Amino acid sequence: MAGDDLGWAAIEALKDAGLDRVAELLLLDRPGPALVDHFQGRNRVILIDAMHAGLAPGSVRALSLQELVVSARPPSSHGLGLAEALALARALDCIPKHLHVIGIETGPSLDGETRSIAIRQVVQLIQAILNETDPGSDRSTRRRHPHRNEARDSAILPVDSTSDDTGSPMNDNDASAAELTKEQRILNMMRKVLTDVARDTHAPPGTKHALTERTITGIRDCLSLISAREQELAEALGDDRNLRPRYADEPRKNTVVPINIDGLKKRPKSD
Amino acid sequence: MSENREIRIEVPVLARVEGEGALELSASGGRIETLRLRIFEPPRYFEKFLEGRGHQEVLDVVARICGICPVAYQMTAVQALEQAFGVQASPWVIRMRRLMYCGEWLQSHALHIHLLALPDFLGFESGIAMAARHPEAVRRGLRLQRLGNDLIRLFGGRSVHPVGMRVGGFHRAPDPERAATLLEELRAARPEAEALVAFTASLDLPQDDQDFTSVSLRHESEYPLYSGRIVSDRGLDLAVEDYPKHFQESHVAHSTALYAHLDGAPYLVGPLARLNLNHDRLSPPARAALDATGLQLPSRNMFHSVIARAVEIHEVVLEAIRLLESYRPEEPAHVPVTVGAGTGFGATEAPRGLLWHRYALDAAGKVRSAQIVPPTSQNQARIEHDLKRSLEAFGLHNDDDALRLRGETVIRNYDPCISCATHFLKVRIQRR
């Protein structure tokens, strides 16, 4: 799947940002139930994974344990994904005290620029988590490989809200964010249904449309209102949304400048 | 049954079996008239994908058939390719392949016993639900599974779709320090593996003896894993290349997976068939642990499969310890390979049973044709036969939920991998 390596790319970026000096960075390849084993003796763990949650490609979200576990299905030998592994870990009472799960929305339309922005967001988010009061000496940042839409039914916490996060999967500060997220999900679903109705009732040129002109205008107005409200919510959350479609040959207004992070790091003084 | 109704029961489709399928049965007067194990997982066309591919690509392609038993596919394919090229792998390579294969059996069996089969026998919906009440059993399974994965990783770089194998041997020999560490961990796990045999034998397993034909490899001195002749408990004894003379694959309308028959009749492959045919090949400590359970072999009770898996876990832990104790790296870790036209055959024992491959290659070493017969395809006809027999013995007067659960339990005994076979479970019961 395109963008399936987003978690691994994030770990590489965390290494480049020097975070391997303050946290153990591990790349896990489809660990399944072995994820439980990796939790042993850990106080703080951050999981990074690509996800399909119906968001715009490149969206970065902190996911709650509770909602992930609720989405777990009875495991099979091959279908034991992140949600099932977390449900198993919880049943075995070995969820780390401080567990963060960060999802990065992937998809075939994820372009290089959006991907880079998403990775930078992940780095910033994890820096914020690690800058919190140290809850213990053992920190791990881990990545696993997704099999399927593990985050589909998850509560999606806006990235910036986690800077106030005390580390627990859900705390009081998350409540308002979770409400907003619910509204975002409703809006997202309404937009999908309306566009599906438009597509399913499409009439070839010269034929009478199944919908009345009034209904068509109503759908257009609804979609405009949804977009406007989504923009308001994104701004309230400090989320930089840029979902406007563009043509492949449309000149870009911004330019990505590669930066060698190593060059920006403080070098030890030579004696 | 005087009832005349059609009931659809939605079973959690991926409940502890792999893939997409359904069970349909119609019953009249307390007897099953028709029973179909419908497999509707789309065909995966791996054999056609392989055509035109270079021999170097085959091991990477066939590993993708299954995320749980990629080593089995690689081992079987590499045997066939080496036979086609006239390559004789060194004794060191053969020992190391057997060692790596131990890892796959260990991880696959440990997962199946503890998370997939055990909930049936301890009365839980799933391994996750069982974990809260029996955490130590689940933790044991996870420890054994991790050890198996570590063994695969030692040779293959990673446990899923490993990349260490090549025609002629391995790309490199494992690091002796890592091998030594793993040896100590396996030694520490040995008592746990031995105790698992007694644990599974103490389970309250249903008693349901059936008549079936067991088929497996048989090696002249070892418990069959990497090599041997194809044998049955009805007198069959074949060289690997003679498999098509007695085993036939065929399409049925209700399944996208091929069905295999032995001279026109269903047969069993897998842990119970292997143990029935090869218990005399177990190492003395594994044999002693098995004897202590009092299990009489050959067994005709398919529910004894869970004990067979535990015996095999014990055996591969012992075998891995034995092979690691004498481990010395060998470089290069492969013999030279000269590519040429030819046809080769391979057969190994995957965790789920006999796996058979055939490849025809051209002068450039590209695949002209490929045939892969996975264990689940071979067990499909037997599963249907078992289901009919088991559900009638269980009693069709039981309610739909009870029938569904018994049906699933029967199927899980086989640990079917529908993904491998093409690639379960909606149950539709029609009573008249």
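Naming convention: chains lettered A, B, ... in sequence-line order (proteins, then strands); numbering from 1 in each chain. Bear in mind that the values here come from a model prediction, so they are computed numbers and not experimental data.
- Rounding to the nearest 0.5 angstrom, the gap separating the CG atom in Leu115(B) from the CD atom in Glu84(A) is 11.0 Å.
- When side chains are defined from C-beta on, Leu111(B) counts as touching Pro33(A), because their heavy atoms get closer than 4.5 Å.
- Between chain A and the options Arg143(B), Arg133(B), Gln145(B), Gln107(B), heavy-atom pairs under 4.5 Å are most frequent for Gln145(B).
- At a heavy-atom separation below 4.5 angstrom, chain A is approached by Arg158(B), Val160(B), His161(B) within residues 154-164 of chain B.
- The one candidate from Leu88(A), Val69(A), Leu86(A), Leu92(A) that meets the side-chain contact (heavy atoms from CB on, under 4.5 Å) condition with Ile128(B) is Leu88(A).
- With a 4.5 Å cut-off on side-chain heavy atoms, His38(A) and Arg146(B) do not count as touching.
- Other residues, nucleotides and ligands place more than 12 heavy atoms under 6.0 Å from the CG atom of Asp200(A).
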